[in-house]
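Just so it is clear, the model here is predicted, and its values are computed rather than measured. Only heavy atoms go into these numbers, but all of them, side chains included; no hydrogens, no water, no symmetry mates.
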Amino acid sequence: RGLEAIDFGFLLRADGTAAVIERGATVQAAGAYAAGDVFRVAVEGSAIVFRLNGTLIRTSALTFAFPLFPEATLAEAGGTISAAPSSVAF
């Protein structure tokens, strides 16, 4: 599966930069990242928001429907994800 399978997410590139993904397309640069940074995609109010280390990067104008499912994909051998909580609050 490629980017087209991602409705809302971040793309972390090997060059240390990140981008916002919406419905399989890269829609905005998110800046540089480093080990330990926290990426968050969340429903806030009636919108999907993207945050990097707590700073708002983007508010999506796209509509969405529940349920939403978290997923992570590693494209490089040796890549890791740590401390990745998934929570739902109503």
Side-chain angles (χ1 to χ4, degrees):
R1 294 175 28 171
L3 291 180
E4 67 277 357
I6 300 171
D7 287 330
F8 303 99
F10 284 100
L11 171 64
L12 281 61
R13 298 185 179 108
D15 67 359
T17 62
V20 173
I21 304 282
E22 291 183 353
R23 303 246 164 87
T26 302
V27 294
Q28 178 179 326
Y33 72 92
D37 283 350
V38 176
F39 293 86
R40 180 179 172 98
V41 180
V43 176
E44 293 183 10
S46 60
I48 299 284
V49 297
F50 301 83
R51 295 184 182 273
L52 174 54
N53 295 321
T55 300
L56 180 66
I57 301 296
R58 179 179 177 85
T59 300
S60 178
L62 298 178
T63 58
F64 64 93
F66 289 107
L68 298 171
F69 298 99
E71 180 179 340
T73 302
L74 299 174
E76 301 290 329
T80 62
I81 297 172
S82 61
S86 170
S87 62
V88 177
F90 295 96

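Among residues two or more places apart in sequence or in another chain, the side chain to side chain donor-acceptor pair (under 3.5 Å) test is passed with Thr17 by Asp15.
No continuous path of hydrophobic side-chain contacts links Phe64 to Leu56 [ILVMFWY only; heavy atoms under 4.5 Å]. One hydrophobic cluster, built from ILVMFWY side chains closer than 4.5 Å, holds both Val27 and Phe39. In the hydrophobic cluster analysis, where Ile, Leu, Val, Met, Phe, Trp and Tyr join through side-chain heavy atoms closer than 4.5 angstrom, Val41 is grouped together with Val43. Linking ILVMFWY side-chain heavy atoms closer than 4.5 Å, directly or via other members, places Val38 and Val20 in two distinct hydrophobic clusters.
Using bins of under 30°, 30° to 60° and over 60° for the plane-to-plane angle, the ring pair Phe50/Phe8 lands in the tilted bin.
Between Ser60 and the choices Glu22, Arg23, Gln28, the side chain to side chain donor-acceptor pair (under 3.5 Å) rule is met once, by Glu22.
The side-chain heavy atoms of Leu12 and Tyr33, taken from C-beta on, include a pair separated by under 4.5 Å. The shortest side-chain heavy-atom distance between Leu62 and Ile48 does not fall under the 4.5 Å cut-off.
Of all non-hydrogen atoms in Gly54 and Arg51, the two that sit nearest each other are O-NH1, 3.1 Å. Of all heavy-atom pairs spanning Leu52 and Ala30, the tightest one is CD2-O, 3.8 Å. Scanning both residues, Ala47 and Thr59, for their nearest heavy atoms gives CB-CG2, 3.7 Å.
Put simply, CD1 on Ile6 and CD1 on Ile21 are 5.5 Å apart, with the number rounded to the nearest 0.5 Å.
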